[in-house]
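Scroll down for the structure; my scribbles are underneath it.
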Amino acid sequence: MANTYIHGHDSSVLASHRWRGVDNSANYLISVLHDGDRLLDVGCGPGTITRDFVRFVPGGYVVALDRTPTIIEEAVGGDTHVFGVEGDVYNLPFQDRSFDIVHAHQVLQHLGDPQRAIREMARVAKRFVAFADADYDRMLWWPSSPSLERWMQLYQAIAAHNHVNPNIGRELSSLALYCGLSNHQVHTTTWTYATTELVHWWADSWAGRVLHSTYASEALRLGLSSQEELTTLAQGWQEWATKPGAIFVITSIAILASL
Ligand SMILES: C[S@@+](CC[C@H](N)C(=O)[O-])C[C@H]1O[C@@H](n2cnc3c(N)ncnc32)[C@H](O)[C@@H]1O
């Protein structure tokens, strides 16, 4: 059941995740957040979205939950409205209906049993359960690059070996229905990296991640790649970012289910 988290928490990964906030990653929730709400952020990672939620519930609180204990202190970040909890989405340490809203961003794609996770999140939610994931197979970039093509192929292979689904975004609405969440809306959020600054930031992130993150260690452990190839992929990312007009677009599908 415990799948390897194939990004891991290397600084190259966290540098990318720390860019996220409510406005660019969870804005579909803004209209349902009320002052005083109790919110649970499952798989909070470094917590930039988690802490940003406090803006919308200043009289309430946010619980930052992650399976990885070392990341929780950063997620709380000294904010007195945020409480850190180490825990597993499959077995949340809370009573039924403990939170007004339960949220998970880019988490289900890393789980071997996402339906069980959705049911467990719904159990501890009172008003809404919300989850969003990208769809790796539908990521879009230009110009084409053999290194980026191979990077994606390797990502899919590592995920398959770990029995997780990086293309889960397109399935979230049907998964919600299977889990009995019939009253739900489907939203999309898009991250567009098209300025020189953002393209280099994204490419630098992946140039680091293909060498130093769990992506790298899993690719080597599973015999799917070699250190030489990973070095080539890192260089390929850096070269791609120098191309005029380079863009990278990621679409996430988000589910907002009323209970
Ligand atoms: C891609 S990160 C997303 C972090 C954050 N939600 C964000 O979007 O910036 C996925 C997070 O889920 C956590 N995670 C993975 N499996 C988990 C599980 N079974 N229970 C709780 N957290 C889990 C990982 O440790 C990681 O911090």
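Note that ligands are numbered from 1 as they come in the structure, with each ligand's atoms numbered from 1 the same way.
- Ligand 1 is approached by Ile49 to a heavy-atom distance shorter than 4.0 Å.
- Using bins of under 30°, 30° to 60° and over 60° for the plane-to-plane angle, the ring pair His7/His17 lands in the tilted bin.
- Checked for salt-bridge contact, Lys126 and Asp96 miss the test: no charged N lies under 4.0 Å from a carboxylate O.
- Within 6.0 Å of atom CD in Glu73, 12 or fewer heavy atoms from other residues, nucleotides or ligands are found, so the atom counts as exposed in its surroundings.
- Within the 4.0 Å heavy-atom criterion, the part of Arg20 lying near ligand 1 is the side chain and not the backbone.
- Note on ring orientation: taking the six-membered ring where Trp is involved, the planes of Tyr136 and Trp151 are tilted (angle from 30° to 60°).
- In this structure, Asp79 does not pair ionically with Arg51, as no charged nitrogen and carboxylate oxygen lie closer than 4.0 Å.
- Not a single heavy atom of Gly47 sits closer than 4.0 Å to an atom of ligand 1.
- Residue Gly45 has at least one heavy-atom neighbour below 4.0 Å for each of these atoms of ligand 1: 4 (C), 27 (O).
- Where the criterion is an N or O separation shorter than 3.5 Å, residue side chain and backbone included, Pro46 fails it with respect to ligand 1.
- Among the atoms of Tyr5, none of the N or O lies under 3.5 angstrom from an N or O of ligand 1.
- Of all atoms in ligand 1, listed by their number and element, those nearer than 4.0 Å to a heavy atom of Leu111 are 16 (N), 19 (N).
- Under a 4.0 angstrom heavy-atom cut-off, Val42 registers as lying outside contact with ligand 1.
- Below 3.5 Å of separation, one finds an N or O of Asp88 facing an N or O of ligand 1.
- Checked against a 3.5 angstrom limit, the closest N/O atoms of Gln106 and ligand 1 fall outside it.
- A salt bridge does not link Arg20 to Asp52: none of the charged side-chain nitrogens sits closer than 4.0 Å to a carboxylate oxygen.
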TODO: Report the C-alpha separation of Asp133 and Arg170 in whole Å, then their side-chain angles, then the decisive distance to 0.1 Å, and conclude whether the salt bridge (Lys or Arg N to Asp or Glu O under 4.0 Å) test is met.
DONE: CA-CA 9 Å; Asp133 276 274; Arg170 72 190 73 174; over 6 Å; no
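- Under 4.0 Å from ligand 1, heavy atoms of Arg67 appear from its side chain as well as its backbone.
- When heavy-atom distances to ligand 1 are checked against a 4.0 Å cut-off, Cys44 comes that close only through its backbone atoms N, CA, C and O.
- Neither the backbone nor the side chain of Asp41 has any atom closer than 4.0 Å to an atom of ligand 1 (non-hydrogen atoms only).
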